[in-house]
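Take a look at the structure set out below.
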Amino acid sequence: MAEVKIDNLNKSFGSVEVLKDIDLTIADGSFVVLVGPSGCGKSTLLRTIAGLETVSGGEIRIGDKKVNDLAPAAREIAMVFQSYALYPHMDVYGNMAFGLKFAGTPKAEIDRRVGEAARILKLEALMKRRPRELSGGQRQRVAIGRAIVREPKVFLFDEPLSNLDAALRVNTRIEIAKLHKMLKATIVYVTHDQVEAMTLADKIVVMNKGRIEQAGKPLDLYYKPANMFVAGFIGSPAMNFIEGEVGDVTEKGYSVRLADATSVSFTGNGVGKGRKVTLGVRPEHLAVGGTGDLKLEGRIDIVERLGETGYAHVSTGSGKPIIAEVRGGATGEPGQAVTLTATLGHTHLFDEAGQRIG
Ligand code: ADP
Ligand code: MG
């Protein structure tokens, strides 16, 4: 296994800049997830690591080797795509063995590696089947098996679960997490699904328009998003945002007047009076009733009940309805007046540029 180090990477297609000044270290043996909206450059970044795209500037290292000018086959990586890209006329064994045969690996070694991968992925009973005789989940396991037998330094996954139905996606996600623990492999994994990112990653890299917005441990991104983009992207349902303006500033701190005419006091300094800010609070951190530093008065528009939990949509006069998680049977009714509260520790404050300030 190996570390991957990316320095000041840029990539353009013609005059369109798709990756801008990407700096990223993927530690040896770590599971790094690239996440972001469609079109933000995730696949392109993965493909530059794989050598399927040339770079316009910067450097990519795998282990101690600069690989910019190496052909994909020489980079010792294995890639798994969303479309499984299996050979339809070959059986499971043939699909997994193909790359090794092509590279001239001795038969006994091929059998050993394919047997081992089949055991890990529970494909042993399916070795003689063709892809069309397999379910989507089984096909995806064959595609992963084909990557494992190559014993690559780095695994690259591009949205491998996107073609699976919801239940199978959850199962396969857990299988991939176990696989990572077992192989201690370096994995770079692309998804647009923030739940996949949160559950699989040692490190999440949130991308937006060809740039890295923030990279860090999943819970660090959840509790301390560096900016509004990351705050809104990580977490489901998304963080509520309420516009406001800095009011009184004292030696100890400052108050923020929110759009719904409530006011919250923050400690700290460096924020000038009159400055436009945005306060963020997650639905799961808002309580109905109770006490808290943040208090929002409003009326329930609608409650979405999922079972034990639900989501109350509450109009507070601050613009968009605020979403609050509610639990149990007494989750409130449309029209009901409620007070939503949160502690200061569960609020986030962003400046005009969307950068975190508190
Ligand atoms: P993601 O995987 O995050 O959805 P991509 O990396 O596939 O995004 O694409 C990023 C941007 O680069 C998109 O705007 C896409 O249209 C553009 N792009 C990708 N591949 C090419 C290509 N071969 N030629 C021109 N533009 C491309
Ligand atoms: Mg993509």
Side-chain angles (χ1 to χ4, degrees), residues 4-24 26 31-60 62 67-72 75 77-86 136 139-140 143-144 146-147 154-166 168-169 172-173 176 186-201 203-216 218 221 225-236 238:
V4 179
K5 200 159 188 316
I6 296 168
D7 265 319
N8 202 18
L9 184 74
N10 284 278
K11 169 70 183 173
S12 301
F13 289 109
S15 61
V16 184
E17 282 185 287
V18 174
L19 296 176
K20 299 163 198 162
D21 304 330
I22 302 282
D23 287 312
L24 180 64
I26 295 153
F31 200 130
V32 170
V33 177
L34 310 179
V35 69
S38 181
C40 70
K42 306 178 295 292
S43 294
T44 305
L45 179 53
L46 203 69
R47 291 168 60 82
T48 59
I49 298 172
L52 299 172
E53 300 286 357
T54 57
V55 307
S56 312
E59 189 174 281
I60 302 174
I62 299 179
V67 299
N68 287 44
D69 301 320
L70 287 186
R75 295 191 184 195
I77 51 97
M79 193 150 167
V80 178
F81 299 93
Q82 174 180 349
S83 64
Y84 319 117
L86 300 177
R139 284 179 211 170
Q140 189 52 278
I144 294 170
R146 194 174 46 183
V154 182
F155 286 89
L156 305 175
F157 286 88
D158 195 350
E159 308 222 16
L161 308 186
S162 294
N163 285 351
L164 306 180
D165 64 43
L168 201 52
R169 232 175 13 236
T172 314
R173 192 172 83 204
I176 290 177
T186 306
I187 296 181
V188 189
Y189 184 106
V190 164
T191 180
H192 62 269
D193 179 333
Q194 59 93 21
V195 177
E196 258 175 59
M198 287 300 284
T199 52
L200 285 171
K203 174 155 135 181
I204 295 182
V205 179
V206 180
M207 294 180 64
N208 180 29
K209 297 183 184 153
R211 291 186 194 279
I212 294 178
E213 292 277 355
Q214 190 176 7
L221 268 56
N227 54 53
M228 277 175 70
F229 183 84
V230 175
F233 196 82
I234 299 288
S236 176

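Note that ligands are numbered from 1 as they come in the structure, with each ligand's atoms numbered from 1 the same way.
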message = If we count only non-hydrogen protein atoms and require a distance under 4.0 Å, does atom 16 (O) of ligand 1 qualify as touching the protein?
response = no
note = Closest to atom 7 (O) of ligand 1 among protein heavy atoms sits S43 CB, 3.7 Å
request  = Keeping waters out of it, list the protein N, O or S atoms under 2.8 Å from the Mg ion (ligand 2).
outcome  = S43 OG
N or O contact, G41 vs ligand 1, cut-off under 3.5 Å = yes
ask   = Less than 4.0 Å between atom 22 (C) of ligand 1 and some protein heavy atom, yes or no?
value = yes
key: By side-chain hydrogen bond (donor to acceptor under 3.5 Å, both in side chains) - contacts of T199 (at least two apart)   = R173
ask   = Is G36 near ligand 1, meaning one of its heavy atoms is under 4.0 Å from it?
value = no
task = Could you verify whether a donor N or O on one side chain and an acceptor N or O on the other, from N227 and Q214, lie under 3.5 Å apart?
result = no
message = Which residue and atom name correspond to the protein heavy atom nearest atom 14 (O) of ligand 1, and how close is it?
response = G39 O, 3.9 Å
task = Compute the shortest N/O to N/O distance between E53 and ligand 1 and return yes if it is under 3.5 Å, no if not.
result = no
message = Please classify the V18 to ligand 1 contact at 4.0 Å (heavy-atom distances, strictly less than): side chain, backbone, both or neither.
response = side chain
inquiry  = Checking a contact table here: which protein heavy atom is nearest atom 26 (N) of ligand 1, and how many Å away?
reply    = F13 CD1, 3.4 Å
inquiry  = Given 3.5 Å as the limit, does a donor-acceptor pair link the side chain of D158 with the main chain of F81, or not?
reply    = no
key: Flag for N10-D21: side-chain donor and acceptor within less than 3.5 Å   = yes
